Amino acid sequence: MLFITMTAQTTVVLCLLVKAAWGEMKFPPGFRFGAATAAYQIEGSWNVSDKAESVWDRFTHEHKYYVDSGSNGDVACDSYNRWKDDVRIAKELNLHFYRFSISWPRLLPTAFSNKISDDGRNYYNQLIDALLEEGIEPIVTLFHLDLPQRLQDLGGWANPLIIDWFANYARVVFSLYGDRVKTWITINEPLLICEMSYSDSNLAPGIESIELGNYLCAKNVLLAHATAWRIYDEEFRPKYHGKVSLTNILIWYEPTTGNDSNLGNLANQLCNGIYTHPIFSKTGNWPQSVIKIVDERSKLLGYPYSLLPEFTKKEIEFIKGTYDFFGMNYYISKSIRKSLVNEHIPLWPLEGVPILGAILESQPTWTSGATKWFSAHPPGLRKVLNWIRHNYGDQEIYIMENGYATADTELEDFDRISYLKDHLEQVLLAMKDGVNVTRYTIWSLMDNFEWSDGYTIKFGLYEVDFSSPERTRTPRKSAEYYKNVIETHSLSDFYVKNEL
Ligand code: BGC
């Protein structure tokens, strides 16, 4: 409401000036905008038909105290029954694509390919067909945190057999939907799957296996992804011509002072490089700095070998290059500094980096969100995009998630609009730097079950009324904003029209 005290004439002049400046803020014609969700967070119907239990069903039912307000995804947005509403709002926004995930235990009740659920298969068939009818591209994630509990009971991502289990599941999904789905994400955010699910009780399955389970998981996740990519490449690409990659959450670790720049580099490799270097670099393998740090740490702890499992030469070659684009999610940056003497170092990757003796914080000028881990720093997105280019050359980058957490159901969500505008601006700046970004995705199409934050924080362009049986979806102001960005393919008009 900057213009409130100005004369009408000055307002018009200022508006024109703003418009001229923002005129530059156009996205190239082929740039695509979308929104994302994930199965456990929206579908509900956790035990209908022959659907089996996932690790999140088990975790929320048995460990209520780990999730805010003891909530769960038993009903969530009820998208299993209300998927038509989801397609309708995706259409309302004029999305170019809608990214959703498939629930492995819904499609394969035994977790294996011996039995494909009719209801599970039909559910995703209907959704994909309805999106295509509306001219919206379906982008499908195979795995977004909801592992079949049956596989977890056998060790989950810490058991190397999961490489084949995942590959067989991937083959089923490619063969069922590959004729219509042309963009695939194998695995969403290895960092969450390994560092946050195998290091503490924050995310299901909540296995506290710091410096062991997380590294075993990392190796298996990378091999599982690579195997699925190769299956697509050999068996499906010749007839379906689609693209496959994984999506990593990238956090930007900003040095607090000039003296912390080496710490920043190391944290960026430990958190981001560990899951990207093996796939996207020319040499493959873990980043050398990570090998060195974990090696030293393992020695210090008295282990006769490194806790970071080695890749064989064959595995390095097998994983390297298994991508058709660089998928990334970005929400926050963290400021990193050396810890003080006797200062407690909290857990990696959001509050501290024990292996580096470092503390992670927010800087005073950064914006907080409704949850304690949220520290918004839009330039961090440009930096991370340039980091990718610097480390892995000219990649085609798809931003597969970016979004803002608010605490209440507020429809006039100007904070979210600012967050989106500021981040989209940084995408454009990165593109001017020469980074090849071709897609942007908002998390999320609608409010949903936010893992250990339950329903206490909201990321939706649409508010969902969780107290109504209909789970009514209502557009927020940010939905109007995003629709305008999509329709104008630029960041300009909305600001002038709304006098922001
Ligand atoms: C995850 C989403 C999650 C979002 C916001 C991302 O890291 O992929 O599932 O809801 O963060 O917390």
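Since the structure is predicted, the reported quantities are computational estimates derived from the model, not experimental observations. Order of appearance sets the numbers: ligands from 1, and atoms from 1 within every ligand.
Near Gln41, meaning under 4.0 Å from one of its heavy atoms, ligand 1 places the atoms 2 (C), 3 (C), 9 (O), 10 (O). Remark: ligand 1 atoms within the under-4.0 Å shell around heavy atoms of His144 are 1 (C), 2 (C), 8 (O), 9 (O). In summary, the atoms of ligand 1 found under 4.0 Å from a heavy atom of Trp451, numbered by their order in the structure, are 2 (C), 3 (C), 9 (O), 10 (O). Atoms of ligand 1 found under 4.0 Å from any heavy atom of Ile249 (numbered from 1 in listed order, with element): 7 (O).
Ligand 1 lies within reach of Trp373, whose nearest heavy atom is under 4.0 Å from it.
In terms of heavy atoms, Gln363 sits closest to Ser335 at NE2-OG, 3.0 Å.
Geometrically, Arg32 does not engage Tyr440 in a cation-pi contact defined by less than 6.0 Å to the ring centre and at most 45° from the axis.
By the criterion of a heavy-atom distance under 4.0 Å, the side chain of Asn188, and not its backbone, is placed next to ligand 1.
At the top of the distance list for atom 5 (C) of ligand 1, counting protein heavy atoms only, stands Glu450 OE1, 3.2 Å. Protein heavy atom at the shortest distance from atom 6 (C) of ligand 1 is Glu401 OE1, 3.0 Å. Closest to atom 7 (O) of ligand 1, if we only count protein heavy atoms, is Glu189 OE1, 2.6 Å. The single protein non-hydrogen atom nearest to atom 4 (C) of ligand 1 is Tyr331 OH, 3.4 Å, given as residue, atom name and distance.
Defined by atom type and a distance below 3.5 Å, a donor-acceptor pair is present between the side-chain atoms of Asn125 and Arg180.
Salt-bridge formation is detected for the pair Lys51/Asp57: a Lys NZ or Arg NE/NH1/NH2 atom is positioned less than 4.0 Å from an Asp or Glu carboxylate oxygen.
Between His423 and Tyr330, the two ring planes are tilted [angle within 30° to 60°]. Ring geometry for Phe33 against Phe31 counts as tilted: the plane angle lies between 30° and 60°, on a 0 to 90° scale. Aromatic ring orientation, Phe325 versus Tyr398: parallel (interplanar angle below 30°, classes split at 30° and 60°).
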